[in-house]
Amino acid sequence: MIEWAVNGDTLHATDADNAELTVDGSDLTVDTSDVDIPRPVDETVVVTTDELRFPHAVVYAFSLGLDEQYELDPAGEPLALSPAEYVVDIDTEIKAYLRFSGAVRIEKTDDYEEIVVSFPSRTRVILGLRCRHEFPAGTITVPDSPSAVADAITHMAASQKTDNPDRSYPTLRGHPSLIERGDTLEISDCIRSDTPDHGIELVVPPDYESLFVTAPLAYYLQATVRTTDDALSGRTGRGSDRPRLRLVDHAIEAELSSMPGLERDVERLLRKTFFLDCLVRNAGPYATTLSELSLLEALEIDAEALYEASPQDRLATYLDVPYAAIKHRLPEWHLSTYVAPEYQSVETIPFLLDRLSMIYTPRTSELEGRELVERSLEDFYRGDDPDRKWTNRRYGSDATRASTGRVASVDIVKPDLRSGRTHGWLADGVPIDVFKSAPEAYHNRFEFLERESDSTSICVVLNDPEMAGEHDHVAEIYRQRSEELTMDIAVEESLETAALARLLEDDHDFVHYIGHCETGGLCCPDGTLAASSLDRCRAQTFFLNACGSFYEGRALIEKGSVAGAVTVTKVLNDHAVKVGSTFAKLLVHGFSIERAMGLARRRIMMGKDYAVVGDGTHSLTQGEHEPPTTVTLEELADEGDAEYLLGVDCYSTRATGSYYYPHTETNEYAYLCGNESTFRLTASELVTMLKETEASVIYDGDIYWSKELWPRFDQ
């Protein structure tokens, strides 16, 4: 669902996921339209103007009459097209398409902030808009039976919009159907008819452990999943119950390892197939100059032939590529989730497949001695600031955020983490370095997506006057961001229990609580509020920046929230201020809850005291330039003019398969999200890059925002 409104010469569009698109025009007129546009869209309008301005984006133009394709030069050269009928694809956060007849000039502004589409005279343009988010197409009911769950996983692929390599684009992988538990297997005719059958089969043992681990591979390959007792009935002998990947037309039957080795085999197959699809898709209509593309020539892969090949033929070619030949070029996988291998967990599988998460079996051990402290110190940003006071003591000050009452603490365990940038936990225990999710979090997200709202509602609650420093700082961060995105900011102080309960039960997108927390709940002037006592929590996301707030945060998820940041023990007040302010900045610039907290907590020595509950992949808002970007900056110790080594890291758990284009003066390439790019820059080149990039910057032992940092180097 997309809502739009016009204010003067500006069209504002908002989707159900709070993504926004602002289009500015010259003497703009806008009318409703039912005119068709040859692209998948959710809404169309007719605009008449001689100029349109969009946020910075990748742009393609297609000539409908001549069947030709053009791309706006990432380096900034304008694209001038002679009169014809065109469709222009503008890859903004809400996907935009323009259809018109005539000549056109498309260019980027000098600061790379906008795309300008201009016409020789006033022109009638069909503007099509498509929401990137999709709701699930129906629900599948499954009984407590591995073979029935195998059938359900097979039909997850019905949500995908293509079977060619373009499925590696996140916009072409819809949300799989939901799964609910029941007495019998129920799959609608609509879902069955939309499920492809490419002759690719995954045969796995009839246990939930194997089925869950192989689900992401089956979903992406659009494979039919069968259990060994069904698929290999009558076959006996050594290895007859081993999992295997079958390509029927090629008579290929690749035997996979049994658990736990199956996890490694699935990971390698999925990463390899996905990566090669990202390269081969450049033979299609949406090509770009990827830095990784040269690998195809080295592997002697014919991208054009494979792009047109059947899924089975293409996979057969990929299987012949040695994993070792591409391992060093693979983007780091974005997300891994550890799921209890039991029937009760089956309803979470579609949500994890929507994020294309790896799925692993959870295993933990106890943290030994000072391991928690040591791991915190390892992640701590270390710089050369002489004013910093390094210490290995548990706390360097008595100024904790704890009240005089009893503070809840959490028994932290050490997870056996496999590959992945971000890790989620859907099992017993509270592990370090992961977000502690819950089935309720994923279902709650859909309820918030269905809300009709034209702005993001943020409420800051200060329930201890002595913590006014953080309160003032974060409130100012939110107010500044509201000048760029549609946000409603409210500030409350010293709320009593009834008032705080009403606030959490009212509709808010984000609640930032600053104060104390005891075993009885969140502290108020008249006592404590237990989150479990709420009828319903309607705060979509939250930050309980108080000592020992983990259990209260978990209760908010159970009562209706999607995700939030919490603490697992006592925290120092100055540490809380640092984490709170940085988290606020990152959150309102489109970073997911988990990524924002992961970066923010590294500012303090005991960052492991902070954690995320709920769906850590969830984002409060969308940034102007997706996915969110983090830059690492290091001054090179060379003689002469100062030079800097700059690393760009751009990825999102929501947009796996996207690419990014670093705006340095000499760069010619795009990079797959998850692969870091590095550049050696002069001071002037660095200033230009920081000006043109919305990013968090890790520099000299701390984290900054790019547009606040560049003046330091503008000498």
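- Interatomic distance, OG of Ser147 versus CG of Leu185, reported as 8.5 Å (0.5 Å rounding).
- With Ser652 contributing its side chain and Pro627 its backbone, the two residues share no donor-acceptor pair below 3.5 Å.
- Side-chain N/O atoms of Tyr307 and Asp166 include a donor and acceptor closer than 3.5 Å.
- Taking the six-membered ring where the residue is Trp, the centroids of Phe351 and Phe446 are separated by under 6.0 Å.
- Comment: Arg363 engages Glu263 in a salt bridge, judged by a side-chain N to carboxylate O separation of less than 4.0 angstrom.
- Residues Phe212 and Ser345 come closest through the heavy atom pair CE2-CB, 3.8 Å.
- Rounding to the nearest 0.5 Å places CG of Asp91 at 10.5 Å from CD1 of Ile115.
- Using a 4.5 Å cut-off on side-chain heavy atoms (C-beta onward), Leu245 and Leu221 make contact.
- Proximity of Ser619 to Arg654: side-chain heavy atoms (C-beta onward) are separated by under 4.5 Å at one or more points.
- A donor-acceptor contact closer than 3.5 angstrom is absent between the side chains of Tyr318 and Asp313.
- Asp163 and His198 get closest at one heavy-atom pair: OD2-CE1, 3.1 Å.
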Discussion item. Please evaluate residues Asp320 and Thr317 with respect to the criterion side-chain hydrogen bond (donor to acceptor under 3.5 Å, both in side chains), reporting the C-alpha separation (whole Å), side-chain torsions for both, the decisive distance (0.1 Å), and the verdict.
Written reply: CA-CA 5 Å; Asp320 287 337; Thr317 300; 6.0 Å; no
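- Pairing each heavy atom of Pro146 with each of Tyr208, the nearest pair is N-OH, 3.9 Å.
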Item to complete: Go through Tyr338 and Leu426 one step at a time and tell me if the side-chain contact (heavy atoms from CB on, under 4.5 Å) criterion holds.
Response: CA-CA 6 Å; Tyr338 303 80; Leu426 277 162; over 6 Å; no
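- In summary, the side chains of Arg281 and Ser168 do present a donor paired with an acceptor at a separation below 3.5 Å, with no hydrogens or angles considered.
- Side chains of Asp151 and Thr154: a donor-acceptor N/O pair is absent below 3.5 angstrom, by distance only.
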Discussion item. Set out, in order, the CA-CA distance, both residues' side-chain angles and the distance that settles ring-ring contact (aromatic ring centres under 6.0 Å, His included) for Tyr60 and Tyr286, then state yes or no.
Written reply: CA-CA 8 Å; Tyr60 296 95; Tyr286 300 105; 5.7 Å; yes
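- Thr632 pairs by the side chain to side chain donor-acceptor pair (under 3.5 Å) definition with nothing, not counting sequence neighbours.
- For Arg130 and Tyr97, the side-chain atoms include at least one donor-acceptor pair closer than 3.5 Å.
- Note that CZ of Arg418 and OG of Ser336 are 8.5 Å apart. Values are rounded to the nearest 0.5 Å.
- Atom CG in Leu335 sits 7.5 Å away from atom CG in Leu352 (nearest 0.5 Å).
- For the pair Pro205/Asp241, no side-chain contact is recorded, criterion being any heavy-atom separation below 4.5 Å from C-beta on.
- In terms of modelled atom types and a separation under 3.5 Å, the side chain of Lys161 and the main chain of Thr171 share a donor-acceptor contact.
- At least one side-chain heavy atom of Leu270 sits less than 4.5 Å from a side-chain heavy atom of Met358.
- No hydrogens or angles considered: a donor-acceptor pair under 3.5 Å links the side chains of Arg355 and Thr617.
- Less than 6.0 angstrom separates the ring centroid of Tyr220 from the ring centroid of Phe274.
- A donor-acceptor pair is defined here as one N or O able to donate and one able to accept, closer than 3.5 Å; no such pair exists between the side chain of Lys436 and the backbone of Gly424.
- The existence of a salt bridge linking Asp89 and Lys95 is confirmed by a sub-4.0 Å separation between a basic side-chain nitrogen and an acidic carboxylate oxygen.
- Side chains of Asp249 and Gln312: a donor-acceptor N/O pair is present below 3.5 angstrom, by distance only.
- Under the 3.5 Å distance criterion, with hydrogens and angles disregarded, no donor-acceptor pair is assigned to the side chains of Asp649 and Thr630.
- The closest side-chain heavy-atom distance from Ile140 to Leu178 is not below 4.5 Å.
- Using a 4.0 Å cut-off between a side-chain N of Lys or Arg and a carboxylate O of Asp or Glu, Glu85 and Arg99 qualify as a salt bridge.
- With rounding to the nearest 0.5 angstrom, the CG atom of Asp265 is 5.5 Å from the CG atom of Leu256.
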Practice prompt. Assess whether side-chain contact (heavy atoms from CB on, under 4.5 Å) is satisfied between Trp425 and Ser437, documenting all intermediate values.
Written response: CA-CA 6 Å; Trp425 197 262; Ser437 196; over 6 Å; no
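- Ser210 places no side-chain N or O within donor-acceptor distance of the main-chain N or O of Asp207, the cut-off being under 3.5 Å.
- Remark: the Ser419 side chain and the Glu267 side chain contain an N/O donor-acceptor pair separated by less than 3.5 Å.
- With a 4.5 Å cut-off on side-chain heavy atoms, Leu21 and Leu129 count as touching.
- Contact record, Leu353 with Met156: CD1-CG, 3.6 Å, taken as the closest heavy-atom pair.
- Ring centroid separation for the pair His423 and Phe435 does not come in under the 6.0 Å cut-off.
- Between Glu292 and Arg329, none of the side-chain N atoms (NZ, or NE/NH1/NH2) sits under 4.0 Å from a carboxylate O, so this pair counts as no salt bridge.
- A distance-only check finds a donor-acceptor pair linking the side chain of Arg244 to the backbone of Arg242 [under 3.5 Å].
- At least one donor-acceptor pair under 3.5 Å links the side chain of Gln69 to the backbone N or O of Pro285.
- For the 3.5 Å distance criterion, the side chains of Glu180 and Thr141 qualify, holding a donor opposite an acceptor.
- Between the side chain of Glu71 and the backbone N or O of Val58 there is no donor-acceptor pair closer than 3.5 Å.
- Between Tyr659 and Thr288, some side-chain heavy-atom pair lies under the 4.5 Å cut-off.
- In this structure, Ala441 and Val562 approach most closely via the heavy-atom pair CB-O, 3.3 Å.
- Of all non-hydrogen atoms in Pro196 and Ala157, the two that sit nearest each other are CD-O, 4.0 Å.
- Thr656 and Tyr651 share no donor-acceptor pair across their side chains, judged by distance under 3.5 Å alone.
- Remark: the backbone N or O of Pro350 is not paired with any side-chain donor or acceptor of Asp354 at under 3.5 angstrom.
- The one candidate from Val339, Asp416, Val213 that meets the side chain to side chain contact (heavy atoms under 4.5 Å, CB included) condition with Thr361 is Val213.
- Taking the centre of each ring, Tyr86 and Phe62 stay at or above the 6.0 Å mark.
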Discussion item. Set out, in order, the CA-CA distance, both residues' side-chain angles and the distance that settles side-chain contact (heavy atoms from CB on, under 4.5 Å) for Val203 and Val225, then state yes or no.
Written reply: CA-CA 6 Å; Val203 182; Val225 183; over 6 Å; no
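- In this structure, the separation between CG on Asn282 and OG1 on Thr289 is 8.0 Å, given to the nearest 0.5 Å.
- For Thr162 (side chain) and Asn164 (main-chain N/O), a donor-acceptor pair under 3.5 Å exists by modelled atom type.
- With respect to the salt-bridge test (charged N to carboxylate O, under 4.0 angstrom), the residues Arg445 and Asp615 qualify.
- In the model, His443 has a side-chain atom that pairs as donor or acceptor with a side-chain atom of Glu347 under 3.5 Å.
- Pro431 is not listed as a side-chain neighbour of Lys414, based on a closest heavy-atom distance of 4.5 Å or more.
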